[in-house]
Amino acid sequence: MKKTLLILTMAASSLAAISSSRHPHLPAPSSDITASSLASRWDEAMPLGNATIGALVWQQGDSTVRMSLDRTDLWDLRASDSLAGPNYSFEWVKEHIRSGNYEPVQMKFDMPYDIEPAPAKIPGAAIEFTIPGLSPKADVRLSLADALCTVAWPEGPTLTTFVHATRPVGWFRFENLPDGVVPVIAAPRYEDSDAKADNSHAGAAITSLGYSQGPVTLTDTTASYHQPGWGDFAYDLSVSWQRHGSTLTGVWSLTSTLSPDEAVSETDEAMARGFDNDFADHLAYWTPFWQASSISVPDSVIQAQYDREMYKLGSAARENSYPISLQAVWTADNGFLPPWKGDYHHDLNTQLSYWPVYAGNHLTEGLGYLNTLWNQRDTYRNYTRQFFGHDGINIPGVCTLTGEPMGGWMQYSMSQTVSAWLAQHFFLHWKYSTDHDFLLNRAYPFVRDVAIFLEQATQTGPDSVRTFEFSTSPEINDNSLQAWFPTITNYDLALTRALFRSAAEMADSLGETADARRWTAVMNQLPAFDTDSTGALTFAKGHPYNQSHRHFSHAMAIHPLGLIDYSGSEEDRRTIDATLARLKEKGSSLWVGYSYSWYGAMLARAMRGDEAAEALHTFATCFCLPNSFHANGDQSRTGKSAFTYRPFTLEGNFAFASALQEMLMQSHTGVIRIFPAIPSDWSDVSFNSLRAMGGVLVSAIRKDGRVADLQILSEHGGHVTLEADGKTFTIDAPAGCWLTVPLQ
């Protein structure tokens with residue numbers, strides 16, 4: 001049933017008059033991260049951050065409060081010698097694939113990543129406060145609403161600390177503190193270390209970097225630390241404090257030579273502003289952040305985990321920040337380099353980390369990712385020209401802060417379709433914002449350069465079908481010769497098809513008809529997706545999904561690319577059902593935490609709410625540490641995965657948030673579906689100001705199993721089609737006005 005409806009309720013400027021139940025709201029205290037003591041290890045610490053600097057608050061030993069400090073641009077950027085020379089070319093790699101002599105490729109591209117300590121993300125430093133007689137018990141709370149950590153010990157001391165939302169400083173205030181307690185800088189031990197390896201999949205010891213230990217300088221009320229790194233790089237920590245009676249108030253700043261910030265100047269200026277003024281300024285970011293959107297579901301575990309994921313997003317992403325790396329602003333503080341060098345993994349990690357910015361109505365925070373990709377285009381072009389011998393843009397699948405390749409399993413670290421997945425984020429930003437200037441000046445130029453590369457990287461055979469000579473599917477068959485497939489994988493095919501489809505749609509929207517025809521013609525030369533006898537997607541022709549695996553690379557066409565959708569044909573539905581059935585059949589023994597988040601999103605796309613909620617519940621209860629960090633392995637040891645290690649990475653956290661958004665609203669087909677994948681026992685659910693494609697904000701309330709209230713705001717006006725409770729509504733919406741949609 002389609003209706004053309006228009007009921008104008010109020011202008012956007014009058015939104016405040018809407019009842020509070022329809023307003024985006026701050027997260028409830030029940031979602032706060034609480035504990036009965038400070039954590040005794042860094043990866044369970046209370047996390048604070050602003051996408052440039054970060055802190056982890058924990059307790060080391062019986063009486064020492066430790067703040068582990070980090071900054072996104074603390075990097076050892078020394079070049080890897082193996083990524084150069086006459087054999088630094090994809091053609092050289094293909095010659096070895098053809099001959100079956102693959103060991104030289106592994107020696108050149110794979111092994112240096114494991115053997116050489118750098119390039120790598122490096123840790124910052126720590127501040128310690130030793131308080132005699134401190135109890136191991138304490139009332140600890142990280143308040144999500146105001147990004148504030150408080151600790152109260154039964155002996156009387158209290159701590160209040162935050163990282164300023166928009167300035168490169170962090171504050172601490174101790175009250176009821178014994179005499180003589182002052183902050184002490186605990187510098188990383190670069191020259192000697194007694195650090196012991198743990199189960200966190202840590203990298204090499206930081207002593208392997210070869211740094212000379214930097215000096216610490218003290219005065220009565222200040223401390224500073226200067227650490228030289230590789231080449232001309234260095235970083236600085238400055239701490240300044242003052243004491244009035246039993247109250248100690250101080251501020252710290254961590255800066256590097258890669259930024260214009262200067263640590264001493266930052267702390268001096270902060271002390272002049274004061275704790276209270278900076279906290280008010282800090283809230284000026286966090287309050288609007290939380291008001292951008294909100295979700296309310298009856299499952300308390302999923303609700304709390306969602307709020308915590310969005311808190312981490314607000315702590316790790318900004319418009320002008322570097323992108324979210326594996327650990328963002330919370331690098332390991334254990335005497336070792338972080339898991340996988342804390343780098344930028346583009347075979348899913350960065351991509352999943354930005355999934356929730358779109359429906360979550362946080363497009364501005366997502367721009368840090370896109371701005372960095374845009375600003376590093378020349379680096380990518382050089383890499384594409386040198387390694388692949390083609391024009392346009394491809395991007396290293398594992399890269400440094402500045403976009404240079406780092407090597408590793410080169411099937412994935414130097415994959416031919418990395419840039420196609422990254423380019424999807426330019427497409428998504430345009431679709432959710434409908435920003436014409438962004439399309440014209442950023443999105444299409446970037447996507448067009450990727451299309452140029454893929455047009456040259458693929459070739460057509462006598463049958464006029466376009467393919468790659470050799471193709472891969474992360475991370476199937478690891479880094480062996482068998483990881484190269486002689487026919488195009490469903491992973492490479494899905495990304496290539498989606499890229500050309502996006503390029504054609506963008507070009508058409510800009511009136512570039514010749515480009516639109518060109519990209520459409522190339523897309524139409526690609527083969528159909530390969531399926532097995534049950535209809536399930538395979539890795540590639542002749543290679544069915546026959547093993548449990550963490551990366552659902554073969555199912556990219558279902559999610560996130562939406563090339564095969566449950567609202568499409570009967571064949572699409574059969575393919576999705578069969579693919580999900582095969583995933584379930586092969587089991588989760590080799591899944592990690594992000595696999596459950598991604599699986600939840602795919603189930604949501606298949607309108608299977610009960611199973612989606614179960615997957616998200618498993619993620620939250622089995623694959624997260626007490627501070628909500630995704631630890632990859634099954635921490636519950638209940639058989640959800642054979643992996644029981646605990647390397648902390650963030651992509652699983654953010655994919656969880658996106659999967660819940662998919663359960664509540666979907667818009668990728670042009671129809672805004674309200675509550676498309678709600679579990680049978682979720683009778684009462686609501687969300688406020690989730691963002692749909694087309695620049696439409698949506699708020700909805702489900703009461704007693706039915707949609708009781710539905711409102712939309714179209715930022716640019718036009719026709720909006722919605723589906724709720726089996727009914728379809730087509731609305732001619734004016735720009736910038738909230739509308740109430742009649743449900744009867």
Show your reasoning for whether side chain to side chain donor-acceptor pair (under 3.5 Å) applies to Thr222 and Ser240. CA-CA 4 Å; Thr222 66; Ser240 183; over 6 Å; no
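- Within the structure, side chain to side chain donor-acceptor pair (under 3.5 Å) contacts touching residues 201-211 (residues at least two apart or in different chains) are Asp76-Tyr211.
- With sequence neighbours excluded, the residues that form a side-chain hydrogen bond (donor to acceptor under 3.5 Å, both in side chains) with Ser473 are Ser553.
- Ring geometry, His425 versus Tyr369: the interplanar angle exceeds 60°, so the pair is classed perpendicular (tilted spans 30 to 60°).
- The closest side-chain donor-acceptor pair between Gln482 and Asn477, if any, does not fall under 3.5 angstrom.
- Residues Glu404 and Arg78 are not paired through a salt bridge, judged by the lack of any N-O separation under 4.0 Å between the basic side chain and the carboxylate.
- Note that the CD1 atom of Ile185 and the CD atom of Glu128 stand 11.0 Å from one another [nearest 0.5 Å].
- With no hydrogens or angles considered, no side-chain donor-acceptor pair links Ser238 and Ser224 at under 3.5 Å.
- Note on ring orientation: taking the six-membered ring where Trp is involved, the planes of Tyr596 and Phe623 are tilted (angle from 30° to 60°).
- Between the side chains of Ser68 and Asp333, at least one donor N or O lies within less than 3.5 Å of an accepting N or O.
- Every residue meeting the side-chain hydrogen bond (donor to acceptor under 3.5 Å, both in side chains) condition with Thr130, not counting sequence neighbours, appears here in chain and number order: Thr64.
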The test is ring-ring contact (aromatic ring centres under 6.0 Å, His included); show your working for Phe485 and Phe470 and say whether it passes. CA-CA 6 Å; Phe485 292 84; Phe470 299 108; over 10 Å; no
Give the intermediate values and the outcome of side chain to side chain donor-acceptor pair (under 3.5 Å) for residues Thr331 and Lys121. CA-CA 8 Å; Thr331 299; Lys121 177 78 175 66; 3.2 Å; yes
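- Less than 6.0 angstrom separates the ring centroid of Phe172 from the ring centroid of Phe129.
- Looking at Ser595 and Arg550, their side chains never bring a donor and an acceptor atom within 3.5 Å of each other.
- Side-chain atoms of Tyr113 and Asp343 form a donor-acceptor pair, as typed in the model, at a separation below 3.5 Å.
- From Leu495, atom CG reaches atom CD of Gln424 across 8.0 Å, with rounding to the nearest 0.5 Å.
- Ring geometry for Trp598 versus Phe552: interplanar angle of 30 to 60°, hence tilted.
- For the side chain to side chain contact (heavy atoms under 4.5 Å, CB included) test, residues two or more places apart in sequence or in another chain that qualify with Val357 are Leu313, Tyr354, His362.
- Once rounded to the nearest 0.5 Å, the distance linking CD of Gln106 with CD of Gln411 reads 7.5 Å.
- Between atom CD1 of residue Ile53 and atom OG1 of residue Thr255 there is a gap of 10.0 Å, rounded to the nearest 0.5 Å.
- Not counting sequence neighbours, the partners of Phe453 by the ring pair (Phe, Tyr, Trp, His ring centres under 6.0 Å) test are Phe388, His390.
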Applying side chain to side chain donor-acceptor pair (under 3.5 Å), run through Asn394 and Ser419 and close with a yes or a no. CA-CA 5 Å; Asn394 196 19; Ser419 57; 3.0 Å; yes
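- Gln351 places a side-chain N or O within 3.5 Å of a backbone atom of His346 that can act as its donor or acceptor partner.
- The distance from the CD atom of Gln327 to the OG1 atom of Thr649 is 7.0 Å, given to the nearest 0.5 Å.
- A salt bridge is defined here as a Lys NZ or Arg NE, NH1 or NH2 lying under 4.0 Å from an Asp or Glu carboxylate O, and Arg71 with Asp236 fails to meet this definition.
- Residues meeting the side-chain hydrogen bond (donor to acceptor under 3.5 Å, both in side chains) test with Lys341, sequence neighbours left out: none.
- Annotation: ring pair (Phe, Tyr, Trp, His ring centres under 6.0 Å) contacts of Trp374 (sequence neighbours excluded): none.
- With rounding to the nearest 0.5 Å, the separation of CG in Asp492 from NE2 in His554 is 14.5 Å.
- Applying the side-chain hydrogen bond (donor to acceptor under 3.5 Å, both in side chains) rule to Tyr380 yields the partners Gln376; only residues at least two apart in sequence or on another chain are considered.
- Between the side chains of Trp330 and Asp70, no donor N or O sits under 3.5 Å from an acceptor N or O.
- Under the ring pair (Phe, Tyr, Trp, His ring centres under 6.0 Å) criterion, Phe643 pairs with Tyr645, not counting sequence neighbours.
- In this pair, His551 and Tyr594 present their aromatic rings perpendicular. The plane angle is above 60°, beyond the 30 to 60° band.
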Would you please test His630 and Phe619 for ring-ring contact (aromatic ring centres under 6.0 Å, His included) and show each step? CA-CA 8 Å; His630 163 232; Phe619 171 84; 5.6 Å; yes
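- Ion pair Lys312/Glu309 flagged as a salt bridge, since at least one NZ, NE, NH1 or NH2 atom sits closer than 4.0 Å to an Asp/Glu carboxylate oxygen.
- Counting only N and O atoms by type, the side chains of Tyr225 and Gln227 include a donor and acceptor under 3.5 Å apart.
- A side-chain donor-acceptor contact under 3.5 Å links Tyr102 and Trp484.
- Evaluation of the ring pair (Phe, Tyr, Trp, His ring centres under 6.0 Å) rule for Phe654 yields no partner, not counting sequence neighbours.
- Counting heavy atoms from C-beta outward, Pro647 and Trp340 have side chains that approach closer than 4.5 Å.
- In this structure, Asp110 has no salt bridge (charged side-chain N to carboxylate O under 4.0 Å, His left out) partners at least two apart in sequence or on a different chain.
- Summarising the geometry of Leu237 relative to Ala263, their closest heavy-atom pair is C-CB, 4.3 Å, with the distance given to 0.1 Å.
- Defined by atom type and a distance below 3.5 Å, a donor-acceptor pair is missing between the side-chain atoms of Ser480 and Asp478.
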In sequence, state the C-alpha distance, the side-chain angles, and the governing distance for Glu103 and Lys108, and then conclude on salt bridge (charged side-chain N to carboxylate O under 4.0 Å, His left out). CA-CA 9 Å; Glu103 185 177 358; Lys108 181 172 180 60; over 6 Å; no
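- Looking at residues two or more places apart in sequence or on another chain, you find a salt bridge (charged side-chain N to carboxylate O under 4.0 Å, His left out) between Asp192 and Arg189.
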